[in-house]
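Here's the structure, in structure tokens; my notes come after.
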Amino acid sequence: MHGTSHPRPVEKPAATGVNAVVWIEPGRALIVRGGEGTETSSVEVSIPTTPAITPPALAEVAHSIGAVDRVLVLGTDELRTALEREIVAIGHRPETIRDAETAGPMDEAALVE
């Protein structure tokens, strides 16, 4: 069988105008979402310290982020990397993720800023 292959055009979702910042540390993750205006919303998710039950909590954090144009993930290396993998696994584009190791703990006001 001979044929030609035509690449599919890459479809990028329309911009939502929403960005998020996540602070993740042993015991909790704090998600702050903002839009084009000045209003923000925040969610705190418990992160269990037992490695066997951490993945479902990371999935909950990733789903709580929702559809965003960009997400900044802050926190310790191990949890930050695990969360980034989970974000990509549920379907977010990897290029939307920014990360930084930051000394903490951080609160909602610092994340909004």
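Side chains included, hydrogens not; waters and symmetry mates left out as well; all remaining heavy atoms used.
Residues satisfying the salt bridge (Lys or Arg N to Asp or Glu O under 4.0 Å) test with Glu60, not counting sequence neighbours, are none. Judged as a side chain to side chain contact (heavy atoms under 4.5 Å, CB included), and not counting sequence neighbours, the contacts of Arg70 are Asn19, Arg98.
Nearest heavy-atom pair, Ala29 versus Ile47, reported as atom, atom and distance to 0.1 Å: N-CG1, 3.8 Å. Nearest approach of Val32 to Ser42, heavy atoms of both residues: CG2-CB, 4.0 Å. Nearest heavy-atom pair across Pro48 and Ala57 is CD-CB, 3.5 Å. When all heavy atoms of Val45 and Ser64 are compared, the pair lying nearest together is CG2-OG, 4.2 Å. Shortest non-hydrogen contact noted between Ala20 and Arg33 is CB-CG, 4.0 Å.
Going from atom CG of Leu58 over to atom CD1 of Ile90 covers 11.0 Å, rounded to the nearest 0.5 Å. Atom CD1 of Ile24 and atom CD1 of Ile31 lie 8.5 Å apart (nearest 0.5 Å). Rounding to the nearest 0.5 Å gives a distance of 8.5 Å between CG of Leu83 and CG of Leu79.
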- Derivation of the side-chain contact (heavy atoms from CB on, under 4.5 Å) call for Glu84 and Val88: CA-CA 6 Å; Glu84 290 167 2; Val88 172; 5.9 Å; no
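No more than 12 heavy-atom neighbours from other residues, nucleotides or ligands sit within 6.0 angstrom of CD on Glu78.
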